[in-house]
Amino acid sequence: MGDHFQTIVDLDAAAADAPRLAERVLGLLVTEGVVLAERTDHVFGRHLPGPHWHKAAAPHDADREPTDGLTVHTGRTVFHGGQGEAEWVRCPRCAATTRLLDDGYGLIETAWPPYETAMGRWRETGEAGVDCPGCAVTVPLPDWTWSHDFYAFGYLGFEFWNWPEFTDDFRAMVAGALGGHRTVLVWGKL
Ligand SMILES: [Zn+2]
C-alpha cells in the first residue's frame with residue numbers, strides 16, 4: 001500500500017486571505033484536538049494527529065488511526081489527485097464533457113493540450129481559460145469540473161496524509177471556518 005492523501009481545497013479564498021484563513025482552520029482543528037499545534041520534522045513538518053483525530057473519520061473507517069499529518073498549503077497551487085490523470089473534464093456552462101483518457105488510460109492527444117497549456121498559464125499568472133468545445137465560451141480554468149475532482153485550482157488547501165476517510169460533517173466544519181467558502185476534496189495516492 002502506498003501513501004494516500006486527502007486535501008480539502010478552498011475554491012474561493014483569494015491569495016491575500018489564504019494565510020489568515022489557514023490560521024483560523026488550524027486553530028479550530030487544534031482546539032478540537034484533531035491535530036496538534038506543533039509541527040514535527042520527522043514527517044516533513046506536518047501537524048500530527050491530535051487525541052481526537054476520530055472526529056474527522058467516517059464510521060466505516062474509524063478504526064484506521066492516522067499515521068501521518070497535515071500540511072497546510074497557502075499560495076497559488078494546482079492541487080491534483082496524484083497518480084493517474086483525470087478521465088474527463090466538463091464545462092460548467094453547457095455540461096459538454098470531454099474525454100481526456102482513452103480506453104487504455106492513455107492521454108487523448110487532441111483533447112488534452114488546451115487544458116495543459118491553461119494549467120501552465122494559471123500557475124504563472126493565476127489567470128487562464130479554455131475554450132469549451134461545446135458552447136465555444138472561454139471558461140476560466142478553475143471553473144471546470146473534473147472526473148472525481150482530480151484537479152482543483154486555488155490558494156489554500158489542507159492536505160492530510162494517511163488519514164481515514166473524512167465525514168461530511170468534518171468537511172462542513174472546515175468549510176464553516178472558511179466562512180462558508182466552496183470546498184472540494186482532492187484525494188489520491190503517491
Ligand atoms: Zn460549454
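All values below were derived from every heavy atom in this structure, side-chain atoms included, with hydrogens, water molecules and symmetry-related copies excluded. Whatever order the structure lists them in is the order used to number ligands and atoms, beginning at 1.
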Please identify which of these residues, T98, V89, L100, meets the side-chain contact (heavy atoms from CB on, under 4.5 Å) condition with W112.
L100

Do any protein N, O or S atoms sit under 2.8 Å from the Zn ion (ligand 1), and which ones are they?
C91 SG, C94 SG, C132 SG, C135 SG

Heavy atoms from other residues, nucleotides or ligands near CZ of R93 exceed 12 (cutoff 6.0 Å)
no

In this structure, are over 12 heavy atoms from other groups packed under 6.0 Å from R76 atom CZ?
yes

Which heavy atom of A177 sits nearest a heavy atom of L21, and at what distance?
O-CD2, 4.4 Å

Once ring pair (Phe, Tyr, Trp, His ring centres under 6.0 Å) is applied, do any residues pair with W144, and if so which ones, sequence neighbours excluded?
Y115

Under 3.5 Å: donor-acceptor pair, side chain of D10, backbone of T183:
no

